[in-house]
Student: 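Once you've had a glance at the structure underneath, I'll fire off some questions.
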Amino acid sequence: MDLIFAEATPLGRGGVSVIRLSGTNARLTAERLVGQMPDARHAYFRTLRHDDEPIDQVLAMWFPEGQSFTGDEVAELHLHGAPVISRRVGSALLSMGARPAEAGEFTRRAFLNGRMDLAEIEGLGDLLAAETEAQRKLALRTASGELAQKALDWRQLLIEAGALVEVSVDFADEDVPDEVPNRVFEAIAELREALQRELAGFSSAERIRMGFEVAIIGPPNAGKSSLLNRLAQRDVAIVSDREGTTRDVIELKFDLNGLPVTFLDTAGLRESEDAVERIGIDRALNRAKSADLRIHLSRDGDIVQELWHPDDVIAVSHADIHESDADLTLSAVTGHGIDKMLGMIGEILRDRVSSAGLISHERQRLEIITALEAVEGVGGVPAELIAEKLRLSAASLDRLLGRIGADDYLDVIFSSFCIGK
């Protein structure tokens, strides 16, 4: 493979900057800059030079082909974190025939070299994008191969069932034990149950990965924007006594005890003759309908009937101005009731994700559905047809891991990765 390089640490000034090389002659190229590195996986303190000019004092190491993240020969240069040093080293590598890596190219090579399967790579991408503990935990499980192991276990059931079916086909006129076909159906039933269980947890896992949306809805001047600002602890929404101030949906990303939540400040719901305000109200209604949860906020505990769901939270605002015997009263000024509200929302959402599975991407869900549909209706059909159904189901599991048919997904998946990964 041609030699690529990239800065694996974030751009900008920092304590250390790491430049990673991967491909043919990665070690020799690095040694032209830092001198000999005899042993693999050992860090060497060296002066990095180019054209006989010292550039920096660095730590350098290399990894043999087949024993690195990408599967290629890899070298790493740990520089001081001044951008001018990274640029100077990058220029030196360019002059030596290396080229800058594309987004996700290191990970793509790991996939092509069999170091990672497609599900693990999707998990790694999610891990790099994780912002909360729940997202980190889910992504790490997939990136570490847990979903891949499940897929291999499912495939083993198909192999076992397929072998028994082939026996019944090959020896149809001979004395085949009666329990052979029974075990085939038992294995298929076991597989179907496992796949259905995984599919049942998809929605929760997807919400963990993508985040929940909680819409704050209610009439004008109910305190929706003030509540959002209180949650943000800064002014993210305009607050005014004038009705109809909020015209568009304003979003606030929030880490709610490890769960990713986006709170939505929406336009006050009312009848309006203002064309622009009506557009804002329509947007508010649409986002509120699609949200995972709604906070019905008003001065008197009213709810928006057309948007009401049993899990929704009802809150009375302006608790600092007037008293109420409602279960949940809020004040964006004093913070009264805010922790209680967040606790209620957190409990509702934690309950929803308690059944989360491992699949959290639509691609994964579709492959499991295909694998499941392939083994439907196996009772009372010829053995040859059962064998074909088992092969189709196994092919779907192979696509789940990227063993076949992965080309359509690679560019989309790797485009979200950073350059140095």
Side-chain angles (χ1 to χ4, degrees), residues 125-126 128-136 138-139 203-240 242-270 272 276-298 303-304 306-309 311-315 317 328 330 332-333 335 337-339 341-350 352-353 360-362 416:
D126 294 340
L128 294 172
E131 296 179 335
T132 71
E133 271 295 292
Q135 290 174 322
R136 180 193 66 79
L138 176 62
S203 179
S204 297
E206 185 188 39
R207 298 324 296 158
I208 291 175
R209 183 175 71 86
M210 300 295 292
F212 291 93
E213 284 194 348
V214 176
I216 308 171
I217 60 175
N221 286 345
K224 299 183 296 298
S225 297
S226 296
L227 175 58
L228 191 78
N229 288 342
R230 181 74 192 197
L231 292 172
Q233 297 186 356
R234 66 184 191 278
D235 290 338
V236 294
I238 298 174
V239 175
S240 170
R242 179 181 175 182
E243 294 186 350
T245 298
T246 301
R247 300 293 179 95
D248 210 344
V249 178
I250 300 174
E251 301 183 0
L252 170 67
K253 289 190 174 183
F254 198 89
D255 184 339
L256 185 55
N257 296 324
L259 291 176
V261 176
T262 299
F263 285 97
L264 307 176
D265 177 26
T266 61
L269 302 179
R270 65 168 181 166
S272 175
V276 176
E277 185 181 357
R278 284 201 305 271
I279 293 174
I281 292 171
D282 288 341
R283 290 182 178 179
L285 290 170
N286 289 334
R287 288 298 293 274
K289 287 176 182 177
S290 63
D292 300 283
L293 194 68
R294 285 145 294 278
I295 302 171
H296 294 257
L297 186 66
S298 67
I303 63 174
V304 183
E306 62 180 297
L307 298 175
W308 170 252
H309 289 70
D311 276 348
D312 286 355
V313 174
I314 303 174
S317 61
L328 179 61
L330 304 177
V333 175
I338 301 295
D339 288 343
M341 179 195 72
L342 293 176
M344 293 170 62
I345 295 171
E347 185 176 348
I348 293 168
L349 298 184
R350 280 193 299 273
R352 293 188 185 183
V353 301
S360 60
H361 289 257
E362 181 67 8
S416 64

Student: Using side-chain heavy atoms (C-beta onward) and a distance below 4.5 Å, is Thr132 in contact with Leu259?
Tutor: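 No, their side chains stay 4.5 Å or more apart.
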Student: Provide the closest heavy-atom pair for Gln135 versus Ile208 in the form atom of the first, atom of the second, distance.
Tutor: CG-O, 3.0 Å
Student: Is there a donor-acceptor pair under 3.5 Å between the side chain of Glu251 and the backbone N or O of Leu264?
Tutor: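 A pair under 3.5 Å: no.
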Student: Hey, are the side chains of Val304 and Arg294 touching, using non-hydrogen atoms and a 4.5 Å cut-off?
Tutor: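 The answer is no; the side chains never approach within 4.5 Å.
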Student: My understanding is that only residues two or more places apart in sequence, or in another chain, count here; which of them pass ring-ring contact (aromatic ring centres under 6.0 Å, His included) with His296?
Tutor: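 Once residues adjacent in sequence are excluded, the partners of His296 under the ring-ring contact (aromatic ring centres under 6.0 Å, His included) criterion are Trp308.
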Student: Under the 3.5 angstrom rule, does the side chain of Thr266 hit a backbone N or O of Val249 as a donor-acceptor pair?
Tutor: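 Checked: no pair found.
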Student: Ile345 versus Phe263: any side-chain heavy-atom pair under 4.5 Å?
Tutor: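 In short, these two side chains touch, coming nearer than 4.5 Å.
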Student: For Asp265 and Ser225, test the side chains for any donor-to-acceptor distance below 3.5 angstrom and give the result as yes or no.
Tutor: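 Ser225 and Asp265 do have a side-chain donor-acceptor pair below 3.5 Å.
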Student: So, for Ser298 and Ala222, which heavy atoms are closest and what is the spacing to 0.1 Å?
Tutor: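 The answer is CA-CB, 4.0 Å.
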Student: Can you list everything that forms a side chain to side chain donor-acceptor pair (under 3.5 Å) with Glu206? Sequence neighbours excluded, please.
Tutor: none
Student: Taking all non-hydrogen atoms of both residues, which atom of Asp312 and which atom of Leu307 are closest, and how far apart?
Tutor: OD2-O, 3.3 Å
Student: Once side chain to side chain donor-acceptor pair (under 3.5 Å) is applied, do any residues pair with Glu133, and if so which ones, sequence neighbours excluded?
Tutor: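 If we apply the side chain to side chain donor-acceptor pair (under 3.5 Å) test to Glu133, skipping adjacent residues, the hits are Arg136.
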Student: Could you tell me which residues satisfy ring-ring contact (aromatic ring centres under 6.0 Å, His included) with Phe212, sequence neighbours excluded, listed by chain and number?
Tutor: none
Student: Tell me every residue that passes side chain to side chain donor-acceptor pair (under 3.5 Å) with Arg207, counting only those two or more places apart in sequence or in another chain.
Tutor: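 Arg207: side chain to side chain donor-acceptor pair (under 3.5 Å) contacts with Asp292.
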Student: Looking only at atom types and distance, does a side-chain atom of Arg230 sit under 3.5 Å from a main-chain N or O of Val333, one as donor and one as acceptor?
Tutor: yes
Student: How far does CG of Leu293 sit from CD1 of Ile216, to the nearest 0.5 angstrom?
Tutor: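 The CG atom of Leu293 sits 11.0 Å away from the CD1 atom of Ile216.
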Student: Is any side-chain heavy atom of Ile348 closer than 4.5 Å to one of Val313?
Tutor: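 Touching, per the 4.5 Å side-chain cut-off.
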Student: Atom CE of Met341 and atom CG of Leu231: how far apart are they, to the nearest 0.5 Å?
Tutor: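 One finds 5.0 Å between CE of Met341 and CG of Leu231.
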Student: Looking at every heavy atom in both Gly343 and Arg350, which two are closest together, and how far apart are they?
Tutor: O-NH2, 4.5 Å
Student: Once you round to the nearest 0.5 Å, how far does CG of Leu256 lie from CD of Glu347?
Tutor: 11.5 Å
Student: Enumerate the salt bridge (charged side-chain N to carboxylate O under 4.0 Å, His left out) contacts for residues 211-227, please, sequence neighbours excluded, ordered by first and then second residue.
Tutor: Glu213-Arg287
Student: Do you know which two heavy atoms are closest between Ile338 and Leu330, and how far apart they sit?
Tutor: N-CD2, 4.0 Å
Student: Would you mind reporting whether Asn257 and Leu342 have side-chain heavy atoms less than 4.5 Å apart?
Tutor: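 Contact flag for Leu342/Asn257 side chains = no.
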Student: More than 12 heavy atoms of other residues, nucleotides or ligands under 6.0 Å from CD of Glu362: is that the case?
Tutor: yes
Student: Please find the pair of heavy atoms, one from Asp126 and one from Ser360, that lie closest to each other, and give the distance.
Tutor: OD2-OG, 3.9 Å
Student: Enter the distance from Leu297:CG to Ile217:CD1 here, rounded to the nearest 0.5 Å.
Tutor: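 So the CG of Leu297 and the CD1 of Ile217 are separated by 9.5 Å.
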